[in-house]
Protein chains: 2
Amino acid sequence: MDSGADLTQYARPSVTVDVLVFTIMEQRLQVALIKRGIAPFKNRWAIPGGFVQMDESLEAAARRELAEEAGVQDVFLEQLYTFGDPQRDPRGRVITVAYYALVPDRNLTLTASTDAREARWFAVDEMPSLAFDHKEILQQALERLKSKLEYSNIAYGLLPPKFRLSELQQVYEIILGRPLDKRNFRKRMVTLGLLEATRQVDKSGAHRPAQLYRFKKRKIVAFK
Amino acid sequence: MDSGADLTQYARPSVTVDVLVFTIMEQRLQVALIKRGIAPFKNRWAIPGGFVQMDESLEAAARRELAEEAGVQDVFLEQLYTFGDPQRDPRGRVITVAYYALVPDRNLTLTASTDAREARWFAVDEMPSLAFDHKEILQQALERLKSKLEYSNIAYGLLPPKFRLSELQQVYEIILGRPLDKRNFRKRMVTLGLLEATRQVDKSGAHRPAQLYRFKKRKIVAFK
DNA sequence: TGAATAGTGTCTTTCAGACAATATGCC
DNA sequence: GGCATATTGTCTGAAAGACACTATTCA
């Protein structure tokens, strides 16, 4: 900080948070987008977000957006990266702190907020053209998600509290984009010691019921 | 973005970049700090930083600070995290985007910039009390550095272009804080394929000269 | 020739990956 | 009994980790 006590002598940028909300639905990784109702990029799809209020933390702003747009609370949320190219918003200098959130699939209803026409889920492999630098932001979020999946228990964010091992495996396969060997996957997950079997089984479907597991900690933990 | 085209209707926070400059000197990991010459936290040590200008990107702002404070260019620089607690600066709402940089040990001269009394290196295991939330920022930078060291070639940032394998090992030992087996270390580094031997040897010292190596890419590369 | 650092190989253990048959519950 | 999914073990190869002696140069 090489500044004086007077903050007013410096021009100030606008600061927003953008929140990428991911879920798995219909066997695909999906992200919530809103259709912009106003310029710039009117009618273009965009990552939901909004201005940071002067009295709220960045994470609080992200959680507020998350509640407003997706109606969820208590979900995994992590800061991704801050994007601050001076040209990224044609209206002026806007720096955005991007967050990403993971929500379990439980028929979420997205809400089109004030300035949005529409809100819906898009599979990440079939994205429309995005507003601002949102394509780049999404790209970076996907990389983070893939890499964290490999060395942490982050998958808990996409699953209900109790789940079948085959569901967990599907989460991995969908995000990594490749099939995994069932025996090796189960062996690894169990020996990592992050899971525990519950006393319940899942009896949906005309077949052998599956043991239900849960993560011991619903908090991010790195492997090894 | 649920905003209108008019950015002026929202109060705007101040935005700074803070830059943690790390180097290895005297067998220790050190970070550059400045002693604040003005309130708040007058006379307290702090991570150097400054306000983001309206026409420069965040990274450009960080590089500018780096040039001003440490007089270096073309060094490893990466965005760390953005800290935005509303109370983190008593002067008002100041959001800071923290970066960290790695510089090779070549007798850098730190410059006390305008509002700083003094600038000097501190070993990270003997830190003074820091201004603002800078202790937390440093903590997070150290974690990032340790973890990136384990799965990337980030060490190149702390070494001159050509170096002895024993110097590379020292970088690892100092940052990870534990001794490593020489044979295993060399085997691993060489088989990773990121290094190449130069035709030069280092003849300083009254002992057998060492082969000099360099990183094939002076750009961050993940292992595996 | 002594001091100081460079350089090198084997064995063991651990982990990842390939691979297929049996078990259980529901209809 | 047939269908659908759950559950389980072995072998192989690669990489990590423990471990100690010889080589080279200079003073």
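Only a predicted model underlies this, so the values are computations on that prediction, with no experimental measurement involved.
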Salt-bridge test for Arg64(A) and Glu68(A): reply yes if a basic N is under 4.0 Å from a carboxylate O, no otherwise.
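A salt bridge is present here (some side-chain N lies under 4.0 Å from a carboxylate O).
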[N] [atom2] sits how many Å from [X] [atom1], rounded?
X: Gln169(B); N: dG7(C); atom1: CD; atom2: P; result: 12 Å
X: Leu165(A); N: dT5(D); atom1: CG; atom2: C1'; result: 13 Å
X: Asp202(B); N: dC26(D); atom1: CG; atom2: C1'; result: 13 Å
X: Leu180(B); N: dG7(C); atom1: CG; atom2: C1'; result: 17 Å
X: Gln211(A); N: dG25(C); atom1: CD; atom2: P; result: 12 Å
X: Glu167(A); N: dT5(D); atom1: CD; atom2: P; result: 13 Å
X: Asp181(A); N: dT7(D); atom1: CG; atom2: P; result: 15 Å
X: Gln170(B); N: dT5(C); atom1: CD; atom2: C1'; result: 11 Å

Check this for me: does the side-chain of Arg208(A) come within 3.5 Å of the base of dA23(C) through a donor and an acceptor?
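Answer is yes: a donor-acceptor pair is held.
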Please determine if a side-chain N or O atom of Arg164(B) lies less than 4.0 Å away from the OP1 or OP2 oxygen of dT5(C).
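So the side chain of Arg164(B) is outside the cut-off, no N or O lying under 4.0 Å from OP1 or OP2 of dT5(C).
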Below 4.0 Å: OP1/OP2 of dT5(D) and any side-chain N or O of Ser166(A):
no
Got a donor-acceptor contact below 3.5 angstrom from the Asn153(B) side chain to the Val221(B) backbone?
yes
Would the distance check show the side chain of Gln169(A) and the main-chain N or O of Leu180(A) forming a donor-acceptor pair, the cut-off being under 3.5 Å?
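A pair under 3.5 Å: yes.
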With nearest nucleotides of DNA chain C determined for Arg183(A) and His207(B) from heavy-atom distances, which residue corresponds to the more 5′ nucleotide?
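Taking each residue's closest nucleotide, the earlier one in sequence belongs to His207(B).
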Which residue lies toward the 5' end of DNA chain C, Ala206(B) or Leu212(B), if each is placed at its nearest nucleotide?
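The residue closer to the strand's 5' end, by nearest nucleotide, is Ala206(B).
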Give the nucleotide from the list dT25(D), dT24(C), dG9(D) with an atom nearest to the side chain of Asn184(A).
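For the Asn184(A) side chain, the nearest candidate turns out to be dG9(D).
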Nucleotide of dT7(D), dT24(D), dA6(C) approaching Lys182(B) most closely (side-chain heavy atoms)
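The closest nucleotide is dA6(C).
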When the ring planes of Phe41(A) and Phe132(A) are compared, do they come out parallel, tilted or perpendicular, using 30° and 60° as the limits?
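Geometry flag for Phe132(A) against Phe41(A): tilted rings.
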Base, sugar-phosphate, or nothing for Arg188(A), non-hydrogen atoms under 4.0 angstrom?
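Sugar-phosphate: the residue Arg188(A), judged by heavy atoms under 4.0 Å, touches backbone atoms but no base.
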Quick check on DNA chain D: between Lys187(A) and Lys203(B), whose nearest nucleotide comes earlier from the 5' end?
Lys187(A)
Please identify which of these residues, Phe22(A), Tyr100(A), Phe122(A), meets the side chain to side chain contact (heavy atoms under 4.5 Å, CB included) condition with Leu138(A).
Phe22(A)
